[in-house]
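Contents: one structure, followed by commentary.
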Protein chains: 2
Amino acid sequence: MSESRWLDAEEMSAWQAFLTASHLLDRRIEEQLKSAAGLTHPQFEILAILSASPERRLRMTELARRVVVSKSGLTYQVTQLAKRGLVERTTCPGDDRGVLAVLTDEGMRHLEKTAPGHVEVVRRFLIDLLSRQELTTMASAMRKAQEAMRPSS
Amino acid sequence: MSESRWLDAEEMSAWQAFLTASHLLDRRIEEQLKSAAGLTHPQFEILAILSASPERRLRMTELARRVVVSKSGLTYQVTQLAKRGLVERTTCPGDDRGVLAVLTDEGMRHLEKTAPGHVEVVRRFLIDLLSRQELTTMASAMRKAQEAMRPSS
DNA sequence: TGGTTGTTGTTCAAACTCGAACGAAACTGT
DNA sequence: ACAGTTTCGTTCGAGTTTGAACAACAACCA
C-alpha cells in the first residue's frame with residue numbers, strides 16, 4: 001500500500017472537468033445518433049471500426065477490444081445489428097471457434113449516411129473548440145493513458 | 001444543414017484516443033470501486049459531491065445535473081445508497097416538491113475509506129502520466145467542451 | 001497420441017440507464 | 001383568486017451492460 005497522495009486543486013479540477021465533459025459529450029452523441037440513425041454509440045463504433053478494417057470484417061474478440069466493451073456486450077450488439085441487416089456473422093477460416101463480424105453493403109450505406117451528423121456533434125462540442133496545439137496535447141495525453149491501461153497497443 | 005467537414009488525420013486520431021482512453025479509464029475505475037467498496041462509479045460520485053456540498057446535502061435535480069445522469073437514474077442510485085444507509089432523503093424546507101439527498105455519517109466514513117484507492121487509480125492511469133503543462137491544457141480543453149454543452153456553469 | 005491448459009463466443013441472471021408519463025407542488029399573469 | 005404553465009421527483013417499461021458459467025475448439029508438451 002503506497003502512501004495516498006491526494007489531488008491538488010488543479011489536478012482535481014482537471015479530473016472533474018474531464019469526467020463531466022466526457023459524460024456530457026457521450027450524452028449528446030447518444031442522443032444525436034439515436035434520433036438521426038436509430039443507433040447507440042457502441043453500435044455506431046462497431047460499424048465505423050468494421051468499415052475501416054480489411055474486408056470490412058473483424059474477429060469478435062478483437063472488435064470487442066477496440067470498442068472497449070465486454071465480450072457479452074458485443075455479442076448482444078452484433079445480434080442487434082444483424083437483425084437489421086447491417087452486419088453479418090461469418091465463420092472464421094482457419095479457426096472453427098472464431099466468428100467474424102462483417103459489415104454488409106447496407107451497413108456501409110447506413111454508416112455513410114449517419115457519419116456526417118455524428119462528426120458534426122464531435123466537432124461542435126470538442127474538436128472545433130480546441131486550438132491545434134490544444135488538440136495535439138490532449139491527444140498525446142490520451143495516448144499515454146491508453147498506453148498505460150492496455151499493455152500493448 | 002452545414003456542409004460536412006470530415007476529420008483530418010490528427011483530429012481523428014485525437015478523437016479516437018479520447019474515446020478509447022475515457023472508456024478504458026471508466027472500466028478500471030468501475031472495477032476498482034466495485035471490488036474495493038461495492039460501489040459503482042456514479043454511486044461514488046454521488047457520495048463525493050454530497051460530501052463537498054454545504055451541510056452535505058443537495059437537491060435531487062441539482063445532484064443529477066452534477067453527476068451527469070438522468071433524473072430517474074439518480075432516483076434509482078439514491079435509493080440503492082439509502083438502502084445501505086450511506087444517504088438519506090429529507091424533505092426540502094420551503095419547497096414541498098423537493099427532496100434533499102443527505103450524506104450520512106456512515107456514508108462519509110465509507111467515502112473516506114474508499115477515496116484513496118480511487119484516487120490511486122485516477123493518478124496511475126491519467127494524472128501522473130501528464131506533465132503540469134499537459135494537465136492544464138487538457139483541463140482547459142475539457143472546460144471549453146463543458147461550457148459548450150451546458151449553457152451556464 | 002493423449003491430456004492439460006488456453007482461447008473463443010454465447011447464454012444467463014442481475015444490475016443499471018434512459019425517456020415518457022405521471023401526480024404534486026410552485027410559479028405566472030390576469 | 002384562479003386557470004395555465006413550469007418544475008420536481010418517482011414510477012414504469014424497454015433496452016443495454018456486465019461477469020460468471022459453459023461448450024466447443026485450439027495449442028502445447030510430454
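In what follows, chains are A, B, ... by sequence order, proteins preceding strands, each numbered from 1.
Sequence neighbours left out, not one pair with a member in residues 58-103 of chain A passes ring-ring contact (aromatic ring centres under 6.0 Å, His included). Residue pairs meeting the ring-ring contact (aromatic ring centres under 6.0 Å, His included) criterion with at least one member in residues 33-65 of chain A, sequence neighbours excluded, are A:H41-A:H118, A:F44-A:H118. For the salt bridge (charged side-chain N to carboxylate O under 4.0 Å, His left out) condition, the pairs that include at least one residue of residues 103-112 of chain B, sequence neighbours left out, are B:R56-B:D105.
Contacts of residues 52-60 of chain A with DNA chain D (heavy atom under 4.0 Å): none. DNA chain C lies under 4.0 Å from no heavy atom of any residue of residues 32-51 of chain A. Residues from residues 87-104 of chain B placing a heavy atom under 4.0 Å of any atom in DNA chain D, listed by number, are B:R89, B:R97, B:G98, B:V99.
Where A:L74 and A:E31 meet DNA chain C, the nucleotide closest to each residue was compared, and A:L74 sits on the side nearer the 5' end. Sequence order on DNA chain D of the closest nucleotides to B:T79 and A:Y76 puts B:T79 first from the 5' end.
Using a 4.0 Å heavy-atom distance criterion, A:E30 is classed as making no nucleic acid contact. At a threshold of 4.0 angstrom between heavy atoms, the contacts of B:Q77 are confined to the sugar-phosphate backbone, with no base atom among them.
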Evaluate the side-chain contact (heavy atoms from CB on, under 4.5 Å) criterion for residues B:L47 and B:T114: first the C-alpha distance (whole Å), next the side-chain angles of each, then the deciding distance (0.1 Å), finally the verdict.
CA-CA 10 Å; B:L47 300 185; B:T114 301; over 6 Å; no
Test side-chain contact (heavy atoms from CB on, under 4.5 Å) on A:L111 and A:L86; report intermediate values, then the result.
CA-CA 9 Å; A:L111 176 62; A:L86 306 179; over 6 Å; no
Evaluate the criterion side-chain contact (heavy atoms from CB on, under 4.5 Å) for residue pair A:D128 and B:R5; output intermediate values, then yes/no.
CA-CA 11 Å; A:D128 283 354; B:R5 293 171 300 136; 2.5 Å; yes
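Nearest heavy-atom pair across B:L19 and B:S22 is O-OG, 3.0 Å. The shortest non-hydrogen separation linking B:E30 to B:P42 is OE2-CD, 4.1 Å.
Rounded to 10 degrees, the angle separating the terminal axes of the helix from C:dT1-D:dA30 to C:dT30-D:dA1 is 30°, with each axis obtained from five end pairs.
Rounding to the nearest 0.5 Å places CG of B:L24 at 5.0 Å from CE of A:M149. A distance of 5.5 Å separates CD in A:E45 from NE2 in B:H23, rounded to the nearest 0.5 Å. Within the model, atoms CE of B:M60 and CG of B:L74 stand 4.0 Å from one another, a figure rounded to the nearest 0.5 Å. In this structure, B:Q77 CD and B:T40 OG1 are separated by 4.5 Å, a value rounded to the nearest 0.5 Å. To the nearest 0.5 angstrom, B:F18 atom CZ is 9.0 Å from A:I127 atom CD1.
Shown are B:V102, B:L103, B:L100; of these, the side chain to side chain contact (heavy atoms under 4.5 Å, CB included) with B:L50 is made only by B:L103.
Of all nucleotides in DNA chain D, those with any atom nearer than 4.0 Å to a heavy atom of chain A start and finish, going 5' to 3', at D:dG15 to D:dA26. Reading DNA chain C from its 5' end, the first and the last nucleotide to sit under 4.0 Å from a heavy atom of chain B are C:dA15 to C:dA26.
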What side-chain donor-acceptor pairs closer than 3.5 Å can you find for residues 87-97 of chain A, not counting sequence neighbours?
unit_1, atom_1, unit_2, atom_2, d
A:R89, NH2, A:T79, OG1, 2.5
A:D95, OD1, A:R97, N, 3.1
A:D95, OD1, A:R97, NE, 3.1
A:D95, OD2, A:R59, NH2, 3.4
A:D95, OD2, A:R97, NH2, 2.9

Going by atom type alone, with no hydrogens or angles, which donor-acceptor pairs under 3.5 Å involve a side-chain atom of residues 7-14 of chain A and a protein atom two or more places apart or on another chain?
unit_1, atom_1, unit_2, atom_2, d
A:D8, OD1, A:E10, N, 2.9
A:D8, OD1, A:E11, N, 2.7
A:D8, OD2, B:R132, NH1, 3.3
A:D8, OD2, B:R132, NH2, 3.0
A:E10, OE1, B:R132, NH1, 3.0
A:E11, OE1, A:D8, N, 2.9
A:E11, OE1, B:R123, NH2, 3.1
A:E11, OE2, B:R123, NH1, 3.4
A:E11, OE2, B:R132, NH2, 3.3
A:S13, OG, B:R143, NH2, 2.8

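A salt bridge is absent between B:R28 and B:E31: the closest approach of a Lys/Arg side-chain nitrogen to an acidic carboxylate oxygen does not fall below 4.0 angstrom.
For A:S72, the side chain to side chain donor-acceptor pair (under 3.5 Å) partners are A:S70, not counting sequence neighbours.
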